[in-house]
2 protein chains.
Amino acid sequence: MNPPDEDQRRSLMAIPWFAGQAPEQAAALIKAGRLIRRGAGEWLHGEGDEETGLLAVLEGRLKLYCQAPGEREVMIAIMPPGAVMGQSATFGGGPRLLTVIAAADSIVFTLSDRALRQAAADHPGVWRDLAGLLYLQLSTILQLVAVLTALPPRARLAARLLQLEQNLGVADVSQGDLAEMVGVTRKAINGWLGEMARKGWVRLGYGRVEILKPAALRGVVAG
Amino acid sequence: MNPPDEDQRRSLMAIPWFAGQAPEQAAALIKAGRLIRRGAGEWLHGEGDEETGLLAVLEGRLKLYCQAPGEREVMIAIMPPGAVMGQSATFGGGPRLLTVIAAADSIVFTLSDRALRQAAADHPGVWRDLAGLLYLQLSTILQLVAVLTALPPRARLAARLLQLEQNLGVADVSQGDLAEMVGVTRKAINGWLGEMARKGWVRLGYGRVEILKPAALRGVVAG
DNA sequence: GACCAACTGTAACCCAGGTGACGTTCCGCC
DNA sequence: GGCGGAACGTCACCTGGGTTACAGTTGGTC
């Protein structure tokens, strides 16, 4: 719950979304925000924080859960360091839409909507960049929707793996989490990953999947 | 391609998103926009228009298609009159993300990002309302993602029907379109709708589904 | 070093839904 | 009033993945 120190400011400035802004504006935003720490498995907010605003992962990893009808919660994404998210937990008066849980010990930069508005008073460009961020998120999720409706399960798995590795070569996910995200059972995931491993496309680890042949996965996605 | 006339301005002002804004601001936005007409089946843009901005349906009905990997296009939503959408067809340099096609003869209000920025110069509140709109869309699509990953196919169908009827009691969709949105074959849709019809939950028509017992559908969604 | 929790591998059975193809009914247009 | 295209209803076969339950591993913790 502290303002970022010098080191952390530098890390934040390196995040693409901030890096793309006018330097003074980014600095102002960073100054207005707060850092919070969460241990693995901890719930992100809930202490009366404003629940609408921005979220940026500095260290660790956040799991995003979304409320589905019938008491279910689905994990829809995992945010790695550097990811930025515009969030509005309560909008339109409905129940909480998004639940954010730390998957590992994490340091997260948060910026409430109020702080955002204040910063925007001095730097009107904030609004444009916020809109840009939201547009970007919209396209990401839209893409997700397309994948979910159009692709058969195995292709969905491949798409998810590619999305999770993000050129890192490794996706840090358990097969159980993958199953939840893809919307199938862990058994199915396990079987398909086994196939892929036999073909030499991936190497399986404990809570991780190493992608050896991304091109092959892309082939599966394309059908 | 004309500015809205008096009547149409009134219709636009009645759309919730505009209605929620400061009247002068909404008026300025409406004045800055353009109306376009499209016949059923026509492609919405493509004549070199700016492709980022706002879209509001005045009359008719728009189908939203999203590009999925492997040359596939999935219909993800149908916009009824009154729906507003922030769109950014090309963002991040990728290929076209969203394709908009008129499902019936339609009149659509469009507002380019440039016009939006100009209007925002006089009425800074525009940005806040735009962000609000985008947040709202984000939650809608997020909800869609949750439904798609967590729910079994029949529940997805029920959820879609409820979403499409919007308290009108009738969903104007063909079974083929439903199939595409739910991500199953038309045959499956046909069977399930048949079941529901036998139970008296819905009445089937040509290119339409009349919802008689929304509560029963909600039950299916909840599982 | 021992323990516990989380994660991974696997089995037999079953049913939902996909495939591909066909005839029929409905709507709008000429 | 007839025609063409779109939407609906149905068939037989078959694969894929769900279900449930258990055993073997890994890694972190005390």
Side-chain angles (χ1 to χ4, degrees), chain A residues 39-42 60-61 63 72 74-75 78 101-105 148-158 160-161 164 170-198 202-210 220 223, chain B residues 39-42 60-61 63 72 74-75 78 101-105 148-158 160-161 164 170-198 202-210 220 223:
Chain A
E42 275 180 27
R61 202 163 273 274
K63 291 189 191 178
R72 295 170 164 286
V74 233
M75 184 192 324
I78 296 183
I101 294 179
D105 292 0
L148 284 170
T149 56
L151 270 47
R154 327 162 85 100
R156 292 211 297 267
L157 169 59
R160 271 302 190 173
L161 284 175
L164 287 170
V170 179
D172 276 301
V173 218
S174 76
Q175 299 185 0
D177 283 352
L178 269 174
E180 214 177 314
M181 286 189 285
V182 174
V184 296
T185 56
R186 190 179 60 76
K187 176 197 174 323
I189 294 287
N190 182 277
W192 303 332
L193 283 179
E195 275 177 29
M196 291 182 185
R198 268 193 301 283
V202 300
R203 189 184 346 240
L204 302 181
Y206 186 82
R208 63 162 33 198
V209 181
E210 218 173 314
V220 172
Chain B
E42 274 180 28
R61 203 162 271 274
K63 291 189 193 178
R72 296 171 163 286
V74 234
M75 184 193 324
I78 296 182
I101 294 179
D105 292 359
L148 284 169
T149 53
L151 268 49
R154 328 163 84 99
R156 291 211 297 266
L157 170 60
R160 273 301 191 171
L161 284 174
L164 287 169
V170 179
D172 275 301
V173 219
S174 75
Q175 299 184 1
D177 283 353
L178 269 175
E180 216 178 313
M181 286 189 287
V182 174
V184 297
T185 56
R186 190 177 59 76
K187 174 193 175 329
I189 294 287
N190 182 276
W192 302 333
L193 284 179
E195 275 176 30
M196 291 182 185
R198 268 194 299 285
V202 301
R203 190 186 343 242
L204 302 180
Y206 187 82
R208 63 163 31 199
V209 181
E210 218 172 314
V220 173

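Separating the CD atom of A:Glu195 from the C1' atom of D:dT15 is a distance of 14 Å, rounded to the nearest angstrom. The distance between atom CG of B:Asp172 and atom C1' of D:dA6, rounded to the nearest whole Å, is 15 Å. In this structure, A:Leu157 places its CG atom 16 Å from P of D:dG16, rounding to the nearest Å. Per the geometry, CG belonging to B:Leu178 stands 12 Å off P belonging to D:dG9, to the nearest Å.
Few gaps surround CZ on A:Arg61; more than 12 heavy atoms of other groups in view lie less than 6.0 Å from it.
Without hydrogens or angle criteria, A:Asp105 side chain to A:Ala40 main chain gives a donor-acceptor distance under 3.5 Å. Checking side-chain atoms of A:Arg156 against main-chain N and O of A:Leu151 turns up a donor-acceptor pair under 3.5 Å.
Applying the side chain to side chain contact (heavy atoms under 4.5 Å, CB included) rule to A:Glu210 yields the partners A:Val170, A:Arg203, A:Leu212; only residues at least two apart in sequence or on another chain are considered.
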For every nucleotide of nucleotides 7-18 of chain C, 5' to 3': is a protein heavy atom under 4.0 Å from its base (B), only from its sugar-phosphate (S), or from neither (-)?
-> SBBBBB----SS
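Counting only heavy atoms from C-beta outward, the side chains of A:Leu157 and A:Val184 never approach each other to under 4.5 Å. Side chains of B:Leu193 and B:Leu161 form a contact here, defined as non-hydrogen atoms less than 4.5 Å apart.
B:Met181 approaches B:Ile78 most closely through the heavy-atom pair CE-CD1, 4.3 Å.
An angle of 50°, rounded to 10°, separates the two end axes of the helix from C:dG1-D:dC30 to C:dC30-D:dG1, each defined over five pairs.
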When you look at A:Val173 and A:Val209, which way does the side chain to side chain contact (heavy atoms under 4.5 Å, CB included) test go after all the steps?
-> CA-CA 7 Å; A:Val173 218; A:Val209 181; 5.6 Å; no
